[in-house]
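Counting convention: from 1, in listed order, for ligands and their atoms alike.
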Amino acid sequence: MSSRELLMSAALRAVTYLDGVDRRHVGGTPSHESLKAALGGPLPARGQDPAHVIAAMARAVDPGLVATVGPRYFGFVTGGAVPVTVAAEWLGTAWDQNGALYVMAPAVAVLEDIVAGWVVELLGLPGGASVGFVTGCHMANFTCLAAGRHEVLRRAGWDVERDGLQRAPRVTVVVGDEVHISTVGSLRMLGFGTSELVRVAVDGQGRMRPDALAAALAAIDGPCLVCLQAGNVSTGASDPMDALIPLAHARGAWVHVDGAFGLWAAAVPSLAAQVAGLAAADSWATDAHKWLNVPYDSGFAIVAHPAPHRAAMSLRASYLQRGDDEERVGMDWVPESSRRSRVLAVYALIQALGAEGIRDLIDRTCRLARRMADRLRIEPGLRILNDVALNQVLVAFDRPDGTPSADMTRDVIARVQADGTCWAGGATWQGHEAMRISVSNWATTDDDIDRSAAAILGCYRAAIG
Ligand SMILES: *Cc1c(COP(=O)(O)O)cnc(C)c1O
């Protein structure tokens, strides 16, 4: 088989998978053991025919694939991949451009500048903000908080990139009680331990309370980072930015917003009030691979102030040709040096959908989340635990006599996952066990919601016997 035939046959396999994905069992069905047996074996001593390798791999992985790109996967906050983004990724893999330096990939560098401007405009953030194209929100949090760490220490007369953190003035880091572990993990990598974080009380939806932030800030002096959140991973609720950001700025803090999916509320007029005041922050982290529905891995680190962003990330060496000032150096804005051209998929998405299409994607999935909540809440014994203001739904399943039951909720989740019509995970929300439903996929329809709600209700009825 020629290289051409090999690649065409792989494309055909991919298209066949996507054509059938909404008829598959949504969760992966095999055991860990059977996957290991099908895929493992000793280190191959000799090479094999590439066509055979691809065919055998495709066959062996198939039972272990989770249909996250299908329309009824509601786990975590996942999103699928709009076909035009998959096509762009295929070309990007074939072109195999390295986004580290302009001279290595001029087209990618120019696309990153263009898409950076579009993303900032879509989100209503300040023009001139710098954007790094990172693997996801986790690395975006890391990048933005590194910029913030640089800036608050610079103002205190300290160069953290040169002199490190060990003898630096103490930086106080403030987070909400509902902070996402990604922010905590990013802070850890930046030298801030979990026990050092000042935690601020939240309300029943997980939003940071302004009175509690004001009290926390009053007890702090010196350099300070305040980490806010747009889109709680369970409820979808966002911190009240317009009340919190001025409090933090009055105290001289750098304000960072973790908005992996919730930041996209800012792009939709009917949702933007949930994150009003957001644009006044200093940095924002968000994902493209969740709600924007581009393939993994893709996120944006956005910083209102390019100088600290670049100071925290850029590396210099005599052989790394930097080019003219107007030529973008991709590695100035991200933690990596060599890097694939993940901007291509985002460019293709924005061109294919336009701002209107992106707003519709966000708005429609929120409407579908409300439809799901409405289908479920009419059943006696089911309770929706959150205000379904965005795309997240939390459901608790009670015993037939009406008493709340963590075991009942866990039992229904296990039955839904085994049933395979749809997939939803679980979480504990402020002491209550809940099923988490995240509607984040471009392909989900009203019918998918109705079928999934019916399957969930069927599992509940079976569980109560
Ligand atoms: C998903 C998520 C992250 C981490 O993003 P990755 O895409 O996994 O890198 C961070 N914060 C929030 C609120 C999230 O939902």
Nitrogen or oxygen contacts under 3.5 Å, ligand 1 side and protein side:
from, atom 1, to, atom 2, distance (Å)
ligand 1, 5 (O), D287, OD2, 3.4
ligand 1, 7 (O), D287, OD1, 3.0
ligand 1, 7 (O), D287, OD2, 2.7
ligand 1, 7 (O), H289, NE2, 2.7
ligand 1, 9 (O), C137, N, 3.1
ligand 1, 9 (O), H138, N, 2.8
ligand 1, 11 (N), H180, ND1, 3.4
ligand 1, 11 (N), D258, OD1, 2.9
ligand 1, 11 (N), D258, OD2, 2.8
ligand 1, 15 (O), K290, NZ, 2.8

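Relative orientation of the W118 and Y347 rings is parallel, given thresholds of 30° and 60° on the angle between their planes.
For Y460, the ring pair (Phe, Tyr, Trp, His ring centres under 6.0 Å) partners two or more places apart in sequence, or in a different chain, are F397. Partners of D450 according to the salt bridge (charged side-chain N to carboxylate O under 4.0 Å, His left out) rule, which considers only residues two or more places apart in sequence or in another chain, are R371, R375.
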Please list every donor-acceptor pair under 3.5 Å in which a side-chain atom of residues 242-250 meets a protein atom from a residue at least two apart or in another chain.
from, atom 1, to, atom 2, distance (Å)
H249, NE2, D282, OD2, 2.8

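Within the 3.5 Å criterion, the main-chain N or O of Q205 finds no donor-acceptor partner in the side chain of N232.
Contact of the L225 side chain with the V175 side chain is not registered, since no non-hydrogen atoms from C-beta on lie closer than 4.5 Å.
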